[in-house]
Amino acid sequence: MNVLVIGSGAREHALCRSLSLDPAVTALHCAPGNAGIGEVAELHPVDALDGKAVAALATELGAQLVIVGPEAPLVAGVADAVREAGIPVFGPSKEAAQLEGSKAFAKDVMAAAGVPTARSYVCTTPAEAATALDAFGAPYVVKDDGLAAGKGVVVTDDLEAAKAHAAACGRVVIEEFLDGPEVSLFAVTDGETVVPLRPAQDFKRALDGDEGPNTGGMGAYSPLPWADPKLVDEVMETVLQPTVDEMRRRGIPFSGLLYAGLAITGRGVRVIEFNARFGDPETQVVLARLRTPLAGLLMAAATGNLADLPPLRWSDEAAVTVVVASHNYPGTPRTGDPITGLDEVAAEDAPHAYVLHAGTRRDGDAVVSAGGRVLSVTATGENLTQARERAYEAVARIGLDGSQHRTDIAAKAAAEA
Ligand code: AMP
Ligand code: GLY
């Protein structure tokens, strides 16, 4: 199978790594990719937001399956353009991607499907926002209605800060605060059949102890030893299948990856958000454990054949990923700094630990930083303790001036397991 992956993050590196290990994949392309992806796939320049350009590239390469990684191209309709060119594509249509692209749309679908989520108001004026904030009380949760790369949400006890964020965004969703641990559960779907993957936990805040601003995600682990073994079945029944059914009922079937961001509250499971694509960095740990070859799974979703797929196979190992970010992330990051130690990790730590690239590019013989999240150092082990030891040993070999990473990824779960 000739496969083209669209995107350039650590998620796309994880996808390409798994695809490169799948014997069914005979040619692997990525556009635009990054320095690390270039080691497992052939890179091509493309404007990932330009559907016509992506479809033309896929046609030229003879791609038999296109996988669209990030949300921005999906919301821009890139999957539609590829589908119109007659090529199977893993990723929802522009309309279906509104499940991620508009928080208000997602709330409407959840209400219609009876999916448990935080009570909320959509507000477009400061007066409406003030009333909604008052109705729920602190802590206040204010979400930009549109895409914001994980940074559009403010959770605060400070009423003035909540009002200021609402005013700055314009259209916002204001909702009740959900208390409890968060879980990311991904499901592969063809619009009808839903196949859940294994749950993972992401660390959204920039600093140890869940301090600091929200980011795109600073690390993740899987499995979740503390979670109820029935969690996946429950979320399938109350969240994933009803949502996919409701989208189909509306005439906008959702095919691709449905990501449920969940809070496990004292009153039960609640959806925090939907995403229309694989999560980053959770994908790094989920794919590290998946034993079913990836290309066949995603092709079955792209072509409406998931019902015929045998059950997924999983490794019993644990996986941990630690994100190494640039100086000043999630603010405007400093870029262009050389990254050292990548060869040492490859020589000393593989195959149990490996580096997935996010914001990197080649500069002559060197690899330099090119974004906020730079690397996602991923490791597997017999349990979370071993996986996190291996991940942090590999992180310690990496040199990047001014870089930052959290030191507590999976620490609590490993200690309690
Ligand atoms: P989102 O972009 O909707 O995933 O929100 C980013 C992060 O903000 C989530 O991962 C949570 O940590 C936090 N958050 C969002 N909504 C709520 C809520 N209703 N209650 C508590 N925390 C929330
Ligand atoms: N890890 C959070 C996200 O992918 O949105």
Side-chain angles (χ1 to χ4, degrees), residues 7 9-12 14-15 69-72 74-75 97 99-107 110 116-121 132-133 135-157 162 165 169 172-186 197 199-207 209-222 256-267 269-287 321-323 325 330 356 358 372-373 376 406 409:
R11 162 188 48 216
E12 285 75 30
L15 288 164
E71 61 275 21
L74 292 166
V75 169
L99 264 189
E100 171 165 5
S102 165
K103 303 232 182 229
F105 175 80
K107 286 288 186 188
M110 284 189 264
T117 185
R119 288 179 298 128
S120 65
Y121 295 106
L133 291 167
F136 291 128
Y140 303 103
V141 182
V142 182
K143 302 186 173 188
D144 193 338
D145 183 44
L147 285 185
K151 299 171 208 158
V153 178
V154 164
V155 181
T156 178
D157 286 321
H165 185 59
C169 295
V172 291
V173 172
I174 291 178
E175 64 181 36
E176 72 179 316
F177 179 77
L178 297 174
D179 205 3
E182 287 181 39
V183 172
S184 302
L185 183 61
F186 303 162
L197 306 186
Q201 190 171 49
D202 176 21
F203 292 75
K204 290 251 168 71
R205 299 282 184 145
L207 306 176
D210 293 330
E211 301 287 335
N214 264 321
T215 70
M218 295 298 290
Y221 67 93
S222 177
L257 196 291
L258 180 58
Y259 164 142
L262 307 161
I264 315 298
T265 76
R267 290 175 296 130
V269 174
R270 299 281 184 277
V271 173
I272 293 181
E273 63 161 348
F274 282 130
N275 290 322
R277 38 83 196 170
F278 281 98
D280 190 345
E282 299 97 309
T283 299
Q284 287 85 302
V285 290
V286 172
L287 293 186
T321 195
V322 178
V323 170
L356 299 170
R373 291 190 292 179
S376 199
R406 280 183 63 158
I409 303 302

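As the structure lists them, so they are numbered: ligands from 1, and atoms in each ligand from 1. If you're wondering where the values come from, they're calculated on a predicted model, not measured in any experiment.
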*Asks:* May I ask whether Gly217 has any heavy atom positioned less than 4.0 angstrom from an atom of ligand 2?
*Replies:*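 No, Gly217 has no heavy atoms under 4.0 Å from ligand 2.
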*Asks:* Rounded to the nearest 0.5 Å, what separates atom CD in Glu176 from atom CZ in Arg270?
*Replies:*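 Reported to 0.5 Å precision, the distance equals 7.0 Å.
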*Asks:* Nearest 0.5 Å, please: how far is OG in Ser120 from CE in Met110?
*Replies:*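 Rounded to the nearest 0.5 Å, the CE-OG separation comes out at 7.5 Å.
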*Asks:* Which value, rounded to the nearest 0.5 Å, describes the distance between Leu99 atom CG and Lys107 atom NZ?
*Replies:*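 Interatomic distance, Leu99 CG to Lys107 NZ, rounded to 0.5 Å: 12.5 Å.
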*Asks:* To the nearest 0.5 Å, what is the distance between CG on Leu257 and CG on Leu15?
*Replies:*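 Between atom CG of Leu257 and atom CG of Leu15 there are 8.5 Å.
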*Asks:* For atom 20 (N) of ligand 1, which candidate among Leu178, Val271, Ile272 provides the closest heavy atom?
*Replies:*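 Result: the heavy atom closest to atom 20 (N) of ligand 1 is in Leu178.
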*Asks:* Can you name the atoms of ligand 2, numbered from 1 with element, that are less than 4.0 Å from a heavy atom of Glu282?
*Replies:*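 Checking each atom against Glu282, I get 1 (N), 2 (C).
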*Asks:* Taking only heavy atoms of Asn275 into account, list the atoms of ligand 2 that are under 4.0 Å away from them.
*Replies:*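 Near Asn275, meaning under 4.0 Å from one of its heavy atoms, ligand 2 has 5 (O).
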*Asks:* Report yes or no: does Phe278 have a heavy atom closer than 4.0 Å to ligand 2?
*Replies:*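 The answer is no: ligand 2 sits nowhere under 4.0 Å from a heavy atom of Phe278.
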*Asks:* Which atoms of ligand 1 have any heavy atom of Phe177 under 4.0 Å away?
*Replies:*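 Near Phe177, the atoms of ligand 1 are 20 (N), 21 (C).
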*Asks:* Considering only heavy atoms, does Arg277 approach ligand 2 within less than 4.0 Å through its side chain, its backbone, both, or neither?
*Replies:*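 Just the side chain.
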*Asks:* Ring-plane angle category for Tyr121 and Phe136, please: parallel below 30°, perpendicular beyond 60°, tilted otherwise.
*Replies:*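 Answer is tilted, since the angle falls between 30° and 60°.
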*Asks:* Which is it for Asn214 and ligand 1 at heavy atoms under 4.0 Å: side chain, backbone, both or neither?
*Replies:*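 Side chain only.
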*Asks:* Can you find an N or O of Asp280 that's nearer than 3.5 Å to an N or O of ligand 2?
*Replies:*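 Looking only at distances, the answer is yes, because the N/O contact criterion of under 3.5 Å is met.
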*Asks:* Quick check for you: to the nearest 0.5 Å, what is the distance between Asp202 atom CG and Gln284 atom CD?
*Replies:*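 So the gap between those two atoms works out to 9.5 Å.
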*Asks:* Do the side-chain N and O atoms of Thr215 and Lys204 include a donor-acceptor pair separated by under 3.5 angstrom?
*Replies:*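 There is no such pair (donor and acceptor under 3.5 Å, judged by atom type) between the side chains of Thr215 and Lys204.
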*Asks:* Say whether Arg270 and ligand 1 are in contact under the criterion: heavy-atom distance to a ligand atom below 4.0 Å.
*Replies:*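 Contact absent.
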*Asks:* Would you say Gly216 touches ligand 2, if touching means a heavy atom closer than 4.0 Å?
*Replies:*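 It does; at least one heavy atom falls under 4.0 Å.
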*Asks:* Rounded at 0.5 Å granularity, tell me how far CD in Glu282 sits from CG in Leu287.
*Replies:*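 Interatomic distance, Glu282 CD to Leu287 CG, rounded to 0.5 Å: 11.0 Å.
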*Asks:* Is there a side-chain hydrogen bond (donor to acceptor under 3.5 Å, both in side chains) between Thr265 and Asp179 once you walk through the steps?
*Replies:* CA-CA 6 Å; Thr265 76; Asp179 205 3; over 6 Å; no
*Asks:* Provide the number and element of each atom of ligand 2 under 4.0 Å from a heavy atom of Gly279.
*Replies:*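 Counting from 1, the qualifying ligand atoms are 4 (O).
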*Asks:* Taking only non-hydrogen atoms of Arg11, do any sit less than 4.0 angstrom from ligand 2?
*Replies:*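 Arg11 does not count as a contact of ligand 2 under the 4.0 Å cut-off.
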*Asks:* Would you mind listing which atoms of ligand 1 come within a distance below 4.0 Å of any non-hydrogen atom of Lys103?
*Replies:*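 Matching atoms, with element in brackets: 1 (P), 2 (O), 3 (O).
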*Asks:* For atom 11 (C) of ligand 1, tell me which residue out of Lys204, Glu182, Glu176 has the closest non-hydrogen atom.
*Replies:*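 Result: the heavy atom closest to atom 11 (C) of ligand 1 is in Glu182.
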*Asks:* So which of Val173, Val141, Thr265 gets nearest to atom 17 (C) of ligand 1, if we judge by its closest heavy atom?
*Replies:*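 Considering heavy atoms of Val173, Val141, Thr265, the nearest to atom 17 (C) of ligand 1 sits in Val141.
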*Asks:* Using a strict cut-off of 4.0 Å, indicate which atoms of ligand 1 neighbour a heavy atom of Glu175.
*Replies:*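 Contacts of ligand 1 toward Glu175, numbered from 1: 16 (N), 17 (C), 18 (C), 19 (N).
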*Asks:* Could you list which atoms of ligand 2 come closer than 4.0 Å to a heavy atom of Lys204?
*Replies:*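 Heavy-atom distances to Lys204 below 4.0 Å select 2 (C).
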*Asks:* Check the pair Phe278 / Leu197 against side-chain contact (heavy atoms from CB on, under 4.5 Å), numbers first and verdict last.
*Replies:* CA-CA 11 Å; Phe278 281 98; Leu197 306 186; 4.1 Å; yes
*Asks:* Would you call Arg205-Glu211 a salt bridge at under 4.0 Å N-O?
*Replies:*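 Looking at Arg205 and Glu211, the cut-off is not met.
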*Asks:* Using a strict cut-off of 4.0 Å, indicate which atoms of ligand 2 neighbour a heavy atom of Asp202.
*Replies:*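 What qualifies from ligand 2 is 1 (N), 2 (C).
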*Asks:* May I ask you to decide whether Lys103 forms a salt bridge with Glu273, counting only side-chain N to carboxylate O separations under 4.0 Å?
*Replies:*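 Yes, Lys103 and Glu273 are salt-bridged.
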